[in-house]
Amino acid sequence: MKTLIQQVKGTREFYPSQMEIRRWLYSKIEEVSIRYGYQEYDGPFLEKIELYAAKSGEELVKEQAFVFPDRGGDLITLRPELTPSLARMVAEKQNELVYPIRWWSFGPFWRYERPQKGRTREFFQWNIDLIGADSPEADAELVAICASFLRTIGITPDQVKILVNHRKLVDQELFALGIESDLKKEVFHLIDRHEKMKKEDWESSAKEMGLTQQQIVGVVEIMQDKELWRKSPELIRVFSALESLGVSEYVAYDPKIIRGLDYYTGIVFEAWDVGGDGRAALGGGHYDNLVGDVGGKPLAGVGFAMGDVMITLLLEKYNKLPVSSQYKDCVLVTVFDESLLTSSLTFAAELRKNGIKTIFYPEIAKLQKQLKFADRLGIHTAIVIGPDEENLGNLAIKDLPHGTQEVVKRSEAIDKIKHLLAQQSRV
RNA sequence: GUGGCUGUAGCUCAAUGGCAGAGCAUCGCACUGUGGAUGCGAGGGUUGUGGGUUCAACCCCCAUCAGCCACCCCA
């Protein structure tokens, strides 16, 4: 064991049972994305560092990206997010695309960070964006997609809530307190971190960045005002749209939601475990000028990203992960001895020809061992062809969950097995 | 990048500084034409690695590596 080369820190190994979950997640994401009329796309996994340098969060690129020189000396980055690539892809074909664009993607991303609960260095992310529309109803659509997804995977509104806020509203409120420009950015950050900090620490940091006592009180009032959204014409329309879309039970207004990324200019939202701990399972918002940063004409949009790690933890916590079913509908054809190997092999082929998932025991072993193998894999049906059956042109069909066995004519076996599999799948 | 906790059999974990163990798993037998159950037995370890203290180290000290958790940031 000691000679095994360790895997790269924070990377993921997907054993079949985990791969099954990953594919299931992908299928649910696809289902919801398609239901809302979105098209799948993808960008490169490798990008030049310059693509991210202009925007994103400063730290996201400088400290959290995997960067290495290629043979030509260019600095190459393993993509830490998809949005800049998306912006470029839109800019490249800006005049031929039909707006609004509805695109989604699911793929791997890398961030050079210290792994911990809910965070790895290699992860999969669902990105979904509506670009070229600039209305509260467009914003609401993305929140609704998020809610529909939660509903589709079996997460209920009392388990996970989507918390919504609007940056223009916060801007306006902070402006009223005399907080603007650089200081505003710092206060955004402070609001974002409020939940994690002790009250005294929070207040002392607020003072440190130069807020007056009056301003601090004002910020605290903003953070506690659950009715503040009524001052935002945009949010009023967003919540009204969400009501019409039938997902408002999943949504709540929260004045503390800000988000770290600088490019959000309108609605911002995150999905949180109501049980409190952990981190946001998903986050997104509205941006005014995404495409402009990479050289296109300004184009507004709204989108969100969801990582596979946190959502899987939530599914696990609420016991909503799919139950493995890989071998339920599979038939094991056992091998009795060398003289009957060909007979079993032939029958296995016949099963497959009829579209039945079939495993052939690949060597001669005790029946006991072969049946134990079937049991361990969760196979429900086993075929035994021994001398007694073979001589009469029969074979034995074992129903493992019921512990029963039926000897039938080989010519009738396929129909019997199909019937049995159909019965078992109903259980 | 900063801090805390933990590294003992394949897995989960025991073991006052004094002979390294259990449960589960694996393999074998009871049971050479039938899985889950039961009983009996077997294999499996340089106690993460390197140094130090000691008559004696899984245990104490130092370093290092790895894992987990938190901070930072974020999916």
Who does [N] pair with, Watson-Crick or G-U, both distances under 3.5 Å?
N: B/G21; answer: B/C13
N: B/G50; answer: B/C62
N: B/G1; answer: B/C71
N: B/C29; answer: B/G39

* Contact class for A/K398 (heavy atom, under 4.0 Å): base, sugar-phosphate, or nothing? -> base
Q: Assign A/D388 to base, sugar-phosphate, or nothing according to its heavy-atom contacts below 4.0 angstrom with the strands shown.
A: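 Result for A/D388 = base.
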**Message:** Tell me whether the NZ or CZ atom of A/R151 lies within the 45° cone about the ring axis of A/Y250 and under 6.0 Å from its centre.
**Reply:** no
Span that lies between the [atom1] atom of [M] and that of [N], in whole angstrom:
N: B/U46; M: B/A9; atom1: P; value: 9 Å
N: B/G39; M: B/C71; atom1: P; value: 48 Å
N: B/C72; M: B/C13; atom1: P; value: 29 Å
N: B/C62; M: B/C74; atom1: C1'; value: 36 Å

Self-check item: pi-stack flag for A/F373 and B/G35, centroid dist under 5.5 Å, interplanar under 30°
Solution: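 A stacking contact does not exist, since A/F373 is not both close and nearly parallel to the base ring of B/G35.
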Practice problem: Select one nucleotide: of B/G33, B/C29, B/U34, the one nearest the side-chain heavy atoms of A/E389. | Solution: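 My answer, after comparing the listed nucleotides, is B/G33.
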For B/C71, does the base pair up with any side-chain atom of A/R114 as donor and acceptor (N or O, under 3.5 Å, distance only)?
no
_Quick test of your reading of the model: are A/D42 and A/R79 salt-bridged, counting only N-O distances below 4.0 Å?_
yes
